[in-house]
Amino acid sequence: MMWDYGYGMGWGWILILFGLLALAALIVLVVRSFTAGSSGPPGSPPSHGQPPRTDARAIAEERLARGEITPDEYREIRRALDETIPPAGG
């Protein structure tokens, strides 16, 4: 009785290799999905003299650009966000 169904030994190893590559790609995708949104790429330079950009700051900028808030309200939001950022080095 023939169990290889015409694939032969060469095709069997290629299919195993393909399966391992697919498994590796799946693992990479899972790891990237859990690490997405982490801080910038490794080795990115720190910002000097400017507070770190936060999601809240970006939202405030978008709301100002759309006209949902006034420039005075935007400055008030920025001041409040700057106060909540802990000082560096301590």
Side-chain angles (χ1 to χ4, degrees):
M1 198 177 256
M2 190 171 180
W3 293 99
D4 64 5
Y5 299 103
Y7 291 115
M9 286 301 285
W11 286 106
W13 289 110
I14 290 173
L15 290 175
I16 289 173
L17 180 63
F18 180 73
L20 290 174
L21 288 174
L23 180 62
L26 180 64
I27 290 171
V28 168
L29 287 175
V30 168
V31 168
R32 283 191 179 184
S33 70
F34 283 112
T35 59
S38 64
S39 62
S44 61
S47 60
H48 296 286
Q50 294 182 350
R53 186 171 175 87
T54 62
D55 290 335
R57 186 181 303 274
I59 292 170
E61 288 175 3
E62 290 173 10
R63 290 184 65 200
L64 176 66
R66 287 192 299 257
E68 294 177 4
I69 59 175
T70 65
D72 290 332
E73 291 172 323
Y74 173 73
R75 282 189 284 273
E76 190 175 319
I77 291 169
R78 281 196 52 181
R79 231 177 290 125
L81 290 173
D82 291 342
E83 290 174 359
T84 60
I85 297 174

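Residue numbers start at 1 and run along the sequence shown. Quick caveat, the model's predicted, so the values are computed rather than measured.
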### Cluster overlap Val31 with Leu23, hydrophobic side-chain contacts below 4.5 Å
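Yes; Leu23 is reachable from Val31 via cluster members.
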### Query
So, are Asp82 and Arg75 salt-bridged, with charged N and O less than 4.0 Å apart?
no
### Query
Excluding sequence neighbours, so at least two apart, what forms salt bridge (Lys or Arg N to Asp or Glu O under 4.0 Å) with Glu68?
Arg63, Arg66
## Note on the structure
Taken in chain and number order and not counting sequence neighbours, the residues that satisfy side-chain contact (heavy atoms from CB on, under 4.5 Å) with Leu20 are Ile16
### With sequence neighbours excluded, residues passing side-chain contact (heavy atoms from CB on, under 4.5 Å) with Glu73
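With neighbours one apart ignored, the set is Ile69, Thr70.
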#### Entry: Closest non-hydrogen atom pair, Ile77 against Ala60
CG2-CB, 3.9 Å
